[in-house]
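Notes for the one structure printed next.
Below, all heavy atoms of this structure are taken into account, side chains as well, without hydrogens, waters or symmetry copies.
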Amino acid sequence: MQFRNSMRARVVVGLMIAGCLFISQAAADEVEKLVFLVVEKDEVIASNTRLGRFDRLELNAREKLLEYKSSSAVAVVVTNQRFVAYGVFHGAWNSRRVQAGEKLQSMEVADYSATLVTSDRILNYYGRTGVWSYTKR
C-alpha cells in the first residue's frame, strides 16, 4: 500500500511538472503588446512601453496619413509620400519613399514584422533590427 501511494504521488508530481513546462513554453512563444499608436492631426506618436518612451513622427505640410497598423512590437504608418515603420527594440521610426505612381495594395503587421504589397514592390520590415528590404514585382 505504501509503495502504491508513493508511486502515485510521483506520477502526479511528474504530470504537474510536465503541465507547467507546457504552459510556460506556450507563453514564451507569445509576443506581448509593447507599442501603441496615438494619431494626432499632424503627427503620429509611438508609445514604446518596452523602453518607456514616446517617439513622434511628424507629418510634412502636404503629407496625408492614409493607413496605419500596429502589432505587438511593430507599427507601420502609410502616407501619400512614404512608408514608415517603428520597432520597439531600437525605438525609432524608419521610412522608405513612395515611388511615383505607386499604390499600396495590402499591408500585414504581426509580432516583429511587417509586409507591404504595392503596385510596384513588396516591402518588408523587421522590427528587431529596424531594417527595410524590398523587391520589385
Exercise. Who are the side chain to side chain donor-acceptor pair (under 3.5 Å) partners of Ser133, not counting sequence neighbours?
Worked result: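 For Ser133 the side chain to side chain donor-acceptor pair (under 3.5 Å) partners, ignoring immediate neighbours, are Asn124.
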For this session: Applying side chain to side chain donor-acceptor pair (under 3.5 Å), name anything that partners Thr118, two or more places apart in sequence or on another chain.
Result: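 Partners of Thr118 by the side chain to side chain donor-acceptor pair (under 3.5 Å) criterion, ordered by chain and then number, come out as Glu102.
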Problem set entry | Trace of the side chain to side chain contact (heavy atoms under 4.5 Å, CB included) decision for Leu65 with Val39 | CA-CA 9 Å; Leu65 180 67; Val39 178; 3.5 Å; yes
Problem set entry | side-chain contact (heavy atoms from CB on, under 4.5 Å) involving Arg137 - partner list, sequence neighbours excluded |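 Applying side-chain contact (heavy atoms from CB on, under 4.5 Å) to Arg137 gives Gln105, Val117, Ile122.
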Problem set entry | Glu32 CD: over 12 foreign heavy atoms closer than 6.0 Å |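 For Glu32, atom CD is not crowded (no more than 12 foreign heavy atoms under 6.0 Å).
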For this session: Answer yes or no: does atom CZ of Phe54 have more than 12 heavy-atom neighbours from other residues, nucleotides or ligands under 6.0 Å?
Result: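 At most 12 heavy atoms, drawn from other residues, nucleotides or ligands, come within 6.0 Å of this atom.
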Exercise. Applying salt bridge (Lys or Arg N to Asp or Glu O under 4.0 Å), which residue pairs with at least one partner in residues 122-133 are found, sequence neighbours left out?
Worked result: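 Output for this query is empty, none listed.
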For this session: Can you run down the salt bridge (Lys or Arg N to Asp or Glu O under 4.0 Å) pairs that involve residues 70-80, sequence neighbours left out, and say none if there aren't any?
Result: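 Every pair satisfying salt bridge (Lys or Arg N to Asp or Glu O under 4.0 Å) with a residue in residues 70-80: there are none.
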For this session: Return the set of residues passing salt bridge (Lys or Arg N to Asp or Glu O under 4.0 Å) with Arg53 (not counting sequence neighbours), or none when no residue passes.
Result: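 Testing Arg53 for salt bridge (Lys or Arg N to Asp or Glu O under 4.0 Å), a comparison that skips the adjacent residues, returns Asp55.
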Problem set entry | Partners meeting salt bridge (Lys or Arg N to Asp or Glu O under 4.0 Å) with Arg96 (sequence neighbours left out) |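 Scan of Arg96 (salt bridge (Lys or Arg N to Asp or Glu O under 4.0 Å), adjacent residues dropped) gives none.
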For this session: Dump the intermediate steps for side chain to side chain contact (heavy atoms under 4.5 Å, CB included) on Val98 and Gln81, then the final yes or no.
Result: CA-CA 5 Å; Val98 172; Gln81 297 178 6; 5.7 Å; no
How close do [X] and [Y] get, counting heavy atoms only, and between which atoms?
X      : Y     : result
Ser113 : Val74 : N-CG2, 3.8 Å
Gly130 : Asn94 : O-ND2, 2.5 Å
Ala75  : Leu37 : CB-CD2, 3.7 Å

For this session: Please lay out, stage by stage, how Glu63 and Asn80 fare under the test side chain to side chain contact (heavy atoms under 4.5 Å, CB included).
Result: CA-CA 6 Å; Glu63 193 170 20; Asn80 60 328; 3.7 Å; yes
Exercise. Mind checking what makes ring pair (Phe, Tyr, Trp, His ring centres under 6.0 Å) contact with Phe83, not counting sequence neighbours?
Worked result: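 Once residues adjacent in sequence are excluded, Phe83 has no partner under the ring pair (Phe, Tyr, Trp, His ring centres under 6.0 Å) criterion.
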Problem set entry | Rounded distance (nearest 0.5 Å) linking atom CG of Leu59 with atom OG1 of Thr79 |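 That separation rounds to 7.0 Å.
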Sequence neighbours left out, cut at 3.5 Å: what donor-acceptor pairs do the side chains of residues 42-49 make with other protein atoms?
| from | atom 1 | to | atom 2 | distance (Å) |
| --- | --- | --- | --- | --- |
| Glu43 | OE1 | Arg56 | NH1 | 3.4 |
| Glu43 | OE2 | Arg56 | NH1 | 2.6 |
| Asn48 | OD1 | Arg50 | N | 3.0 |
| Asn48 | OD1 | Leu51 | N | 3.0 |
| Asn48 | ND2 | Tyr86 | OH | 3.0 |
| Asn48 | ND2 | Val88 | O | 3.0 |
| Thr49 | OG1 | Leu34 | O | 3.1 |

Problem set entry | Selection residues 64-77 - residue pairs positive for side chain to side chain donor-acceptor pair (under 3.5 Å), sequence neighbours left out |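 Pairs touching residues 64-77 that pass the test: Lys33-Ser70.
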For this session: Using the rule that two of Ile, Leu, Val, Met, Phe, Trp, Tyr join whenever any of their side-chain heavy atoms come within less than 4.5 Å, decide whether Val76 and Val35 are in one cluster.
Result: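 Not linked; separate clusters.
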For this session: Provide the full list of ring-ring contact (aromatic ring centres under 6.0 Å, His included) pairs with a residue in residues 104-137, sequence neighbours left out, each pair given once.
Result: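 Those involving residues 104-137 are Phe89-Tyr112, Tyr125-Trp132.
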